[in-house]
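As the structure is a prediction and not an experimental result, all values here were calculated from the model.
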Amino acid sequence: MDLDFLIHALIPSWNSVALLAGFFTYLAIVGSILPGKLVPGVVLSDSTRLHYRCNGLLSLVLLVGLLWISAKMEFVSLTAIADRGLELLSTTFIFSFLVALILYFSGCKSRSKGSSLKPHISGDLIHDWWFGIQLNPQFMGIDLKFFFVRAGMMGWLLINLSVLAKSIQDGTLSKSMILFQLFNALYILDYFVHEEYMTSTWDIIAERLGFMLVFGDLVWIPFTFSIQGWWLLRNKVELTNAAVVANCFVFLIGYMVFRGANKQKHDFKKNPKAPIWGNPPKVIGGKLLASGYWGVARHCNYLGDLLLALSFSLPCGISSPVPYFYPIYLLILLIWRERRDEARCAEKYRDIWLEYRKLVPWRILPYVY
């Protein structure tokens, strides 16, 4: 791929704009009208709480079904995303940039007195544009933060499915591609099955909506988490049966730890007396869970996430570092986030946090870190 081709491929086209606009329009409509569990968010500092309609799984299944039917009727091409990957990347980046600017200016003009929507203006334009000003900005009744997360996760799956269709079309479908697609699809579908867990995460609860989150949701997640699929389109990898079994084992262990830890945390927030692994939970200071996975390591969910990320890359073999961009990036990110979490918890819980650290000395990986 030469520089001229790369520059030309990155230029947005009306087709890529139409694909992106159609995708967002679909999500806005079905997200508002399809049935789904109405999940209350956490109570905010002004004693208000948002409610989230968790119908992401139904929205995703319906979208994939509509695309499949449309492809059969030759209205759309299943390889449209794979054929315009770089175009869509640049188009989505520009869209994210413009959305962040709009959020910045609307936040500056907001006069809401509710702390859930109160502007947090530092006076530094770059800082406020990057991190955002408003906590829960809305557009036409749609919570944008929750909407963008959903769009990013669905976009990730749609990119993968288009890459899979391209692989089948080109006759390059391999055991590695099947394994990668299977692990990613299971992870994304599981996310939407447990979509309500997202409502209690730090991003939804406390992060303001600026370029950092918008870019992360709409560009970073779908376009970088799918790098392995793009790489496998152009590189053939032969996996032994032993390698397939080992890869499946890494995925299953990662999933068990990731989903189990997050479920325990979510259930504990809803009912602090709910049993953990069949026993009453051990709670430090009446606030911090120290049972189950949270008694093994203080951020055990990060370990599960890292193992899952590794399982997405292992089908690509070890001939190139390119497919390992995601797990390497995630390792750096989660260690940085873990340090931020530790500082925040130390300030918030003080003596209770010190007691928890003594009881659970390991940060992510027991006996290592």
Asker: Is Lys236 salt-bridged to Glu238, cutoff N-O under 4.0 Å?
Answerer: yes
Asker: Check whether any side-chain heavy atom of Leu34 lies under 4.5 Å from a side-chain heavy atom of Arg53, and answer yes or no.
Answerer: no
Asker: Measure the spacing between CZ of Arg298 and CG of Leu289 and express it to the nearest 0.5 Å.
Answerer: 14.0 Å
Asker: In the single-linkage hydrophobic clustering (I, L, V, M, F, W, Y; side-chain heavy atoms under 4.5 Å), do Val322 and Leu86 co-cluster?
Answerer: yes
Asker: Would you check if Leu209 and Gln134 make a side-chain contact, meaning some heavy-atom pair closer than 4.5 Å?
Answerer: no
Asker: For the CD1 atom of Ile133 and the OH atom of Tyr104, what is their distance to the nearest 0.5 Å?
Answerer: 5.5 Å
Asker: Measure the shortest side-chain to side-chain distance between Leu158 and Leu63 over non-hydrogen atoms and say whether it is less than 4.5 angstrom.
Answerer: yes
Asker: Should we say atom CZ of Arg350 is surrounded by more than 12 heavy atoms from elsewhere, each under 6.0 Å from it?
Answerer: no
Asker: Are any non-hydrogen side-chain atoms of Leu173 and Ile178 less than 4.5 angstrom apart?
Answerer: yes
Asker: Please report the C-alpha distance between Tyr367 and Trp362 in whole Å, then the side-chain angles of each, then the deciding distance to 0.1 Å, and finally whether the ring pair (Phe, Tyr, Trp, His ring centres under 6.0 Å) criterion is met.
Answerer: CA-CA 7 Å; Tyr367 304 103; Trp362 304 107; 5.4 Å; yes
Asker: Between Arg208 and Leu135 (side chain of the first, backbone of the second, donor and acceptor by atom type, cut-off under 3.5 Å), is there such a pair?
Answerer: no
Asker: Do the side chain of Ser291 and the main chain of Ile276 share a donor and acceptor less than 3.5 angstrom apart?
Answerer: no
Asker: So for atom CG, which belongs to Asp124, do other residues, nucleotides or ligands contribute more than 12 heavy atoms lying within a distance under 6.0 Å?
Answerer: yes
Asker: Identify the two heavy atoms, one from Ala82 and one from Lys166, that lie closest to each other, and give their separation to 0.1 Å.
Answerer: CB-CB, 3.9 Å
Asker: Does the side chain of Cys316 reach to within under 4.5 Å of the side chain of Asn235, using non-hydrogen atoms?
Answerer: no
Asker: How far does NZ of Lys348 sit from CG of Asp341, to the nearest 0.5 angstrom?
Answerer: 11.0 Å
Asker: Considering non-hydrogen atoms only, spot the tightest contact between Ser176 and Pro315 and give its length.
Answerer: OG-O, 2.9 Å
Asker: Using a 3.5 Å distance criterion without hydrogens, assess whether the side chain of Thr25 forms a donor-acceptor pair with backbone atoms of Gly22.
Answerer: no
Asker: I'd like to know if the side chain of Ser32 reaches the main chain of Ala28, judged simply by a donor and an acceptor atom lying under 3.5 Å from each other, with no hydrogens or angles considered.
Answerer: yes
Asker: Quick check on the hydrophobic clustering: are Leu20 and Met140 connected, directly or via other members, by side-chain heavy-atom contacts under 4.5 Å?
Answerer: yes
Asker: Is the shortest side-chain N to carboxylate O distance from Arg150 to Glu195 below 4.0 Å?
Answerer: yes
Asker: Can Lys282 and Glu355 be said to form a salt bridge (charged side-chain N to carboxylate O under 4.0 Å, His left out), step by step?
Answerer: CA-CA 13 Å; Lys282 180 182 293 185; Glu355 185 178 349; over 6 Å; no
Asker: Heavy atoms only: give me the nearest Met154-Ser59 pair and the separation to one decimal.
Answerer: CE-CB, 3.7 Å
Asker: Phe146 vs Tyr52 aromatic rings, parallel, tilted or perpendicular, using cut-offs 30° and 60°?
Answerer: tilted
Asker: In sequence, state the C-alpha distance, the side-chain angles, and the governing distance for Phe325 and Trp220, and then conclude on ring pair (Phe, Tyr, Trp, His ring centres under 6.0 Å).
Answerer: CA-CA 12 Å; Phe325 173 83; Trp220 193 260; 5.7 Å; yes
Asker: Can you say whether the rings of Tyr326 and Trp156 are parallel (under 30°), tilted (30 to 60°) or perpendicular (over 60°)?
Answerer: perpendicular
Asker: Determine, step by step, whether Leu144 and Gln138 satisfy the side chain to side chain contact (heavy atoms under 4.5 Å, CB included) criterion, reporting the C-alpha distance in whole Å, the side-chain angles of both residues, the deciding distance to 0.1 Å, and the verdict.
Answerer: CA-CA 5 Å; Leu144 292 178; Gln138 297 188 3; 5.7 Å; no
Asker: Which pair of non-hydrogen atoms, one from Ala165 and one from Leu78, has the smallest distance, and what is that distance?
Answerer: CB-CB, 3.8 Å
Asker: Could you go through the side chain to side chain contact (heavy atoms under 4.5 Å, CB included) check for Tyr293 and Trp277 one step at a time?
Answerer: CA-CA 9 Å; Tyr293 290 105; Trp277 288 346; 3.7 Å; yes
Asker: Once the angle between the rings of His266 and Tyr197 is folded into 0 to 90°, is it parallel (under 30°), tilted (30 to 60°) or perpendicular (over 60°)?
Answerer: tilted
Asker: Using a strict cut-off of less than 4.0 Å between a Lys/Arg side-chain nitrogen and an Asp/Glu carboxylate oxygen, indicate whether Lys263 and Glu196 qualify as a salt bridge.
Answerer: no
Asker: Apply the test side chain to side chain contact (heavy atoms under 4.5 Å, CB included) to residues Trp336 and Arg339: give CA-CA distance (whole Å), side-chain angles for both, the deciding distance (0.1 Å), then the verdict.
Answerer: CA-CA 5 Å; Trp336 173 69; Arg339 294 302 176 98; 5.7 Å; no
Asker: Hey, is the main chain of Val214 close enough, under 3.5 Å, to the side chain of Lys145 for a donor-acceptor pair?
Answerer: no
Asker: Measure the CG-CG distance between Leu50 and Asn136 for me, rounded to the nearest 0.5 Å.
Answerer: 4.5 Å
Asker: Does the structure place the NZ or CZ of Arg234 under 6.0 Å from the centre of the six-membered ring of Trp231, at an angle of no more than 45° from the ring's axis?
Answerer: no
Asker: Of the non-hydrogen atoms in Leu239 and Leu314, which two are nearest, and what is the gap between them?
Answerer: CD2-O, 4.4 Å
Asker: Less than 4.5 Å apart, side chain to side chain, heavy atoms only: is that true for Leu213 and Asp203?
Answerer: yes
Asker: Counting only N and O atoms by type, is there a donor-acceptor contact under 3.5 Å from the side chain of Trp130 to the main-chain atoms of Gly210?
Answerer: no
Asker: Taking Met256 as the starting point, is it possible to reach Leu303 by hopping between hydrophobic residues whose side chains are less than 4.5 Å apart?
Answerer: yes
Asker: Give, for atom CG of Leu103 and atom CZ of Phe139, the distance between the pair rounded to the nearest 0.5 Å.
Answerer: 11.0 Å
Asker: Should Leu330 and Leu306 be marked as a side chain to side chain contact (heavy atoms under 4.5 Å, CB included) after you check the CA-CA gap, both sets of side-chain angles, and the distance that decides it?
Answerer: CA-CA 7 Å; Leu330 191 64; Leu306 288 168; 4.0 Å; yes
Asker: Is any side-chain heavy atom of Leu310 less than 4.5 Å from a side-chain heavy atom of Tyr324?
Answerer: yes
Asker: Is Asn301 reaching over with its side chain to a backbone N or O of Ala261, donor-acceptor style, under 3.5 angstrom?
Answerer: no
Asker: Any chance NZ of Lys265 has more than 12 other-residue heavy atoms, nucleotides or ligands included, within less than 6.0 Å?
Answerer: no
Asker: Students often mix this up, so state it plainly: with edges at 30° and 60°, are the rings of Tyr187 and Phe312 parallel, tilted or perpendicular?
Answerer: perpendicular
Asker: In Å and rounded to the nearest 0.5 Å, what is the CD1 to NE2 distance from Ile335 to His299?
Answerer: 11.5 Å
Asker: Flag yes if Tyr329 and Met153 sit in one hydrophobic cluster, no otherwise; membership is Ile, Leu, Val, Met, Phe, Trp, Tyr, and two members link when side-chain heavy atoms are under 4.5 Å apart.
Answerer: yes
Asker: Is it the case that the side chains of Thr79 and Ser162 hold a donor-acceptor pair, with the cut-off being a distance below 3.5 Å and no angle test?
Answerer: no
Asker: If you take all heavy atoms of Asn247 and Ser311, which pair is closest and at what distance?
Answerer: ND2-O, 3.1 Å
Asker: Do Leu38 and Ile29 sit in one hydrophobic cluster, given that two such residues count as connected whenever their side-chain heavy atoms are within less than 4.5 Å of each other, even indirectly?
Answerer: no
Asker: Where the side chain of Ser226 meets the backbone of Gly229, is there a donor-acceptor pair that is under 3.5 Å apart?
Answerer: no
Asker: Relative to each other, are the rings of Trp129 and Phe211 parallel, tilted or perpendicular (30° and 60° limits)?
Answerer: parallel
Asker: Could you tell me whether the side chain of Phe148 reaches within less than 4.5 Å of the side chain of Val99, counting heavy atoms only?
Answerer: yes
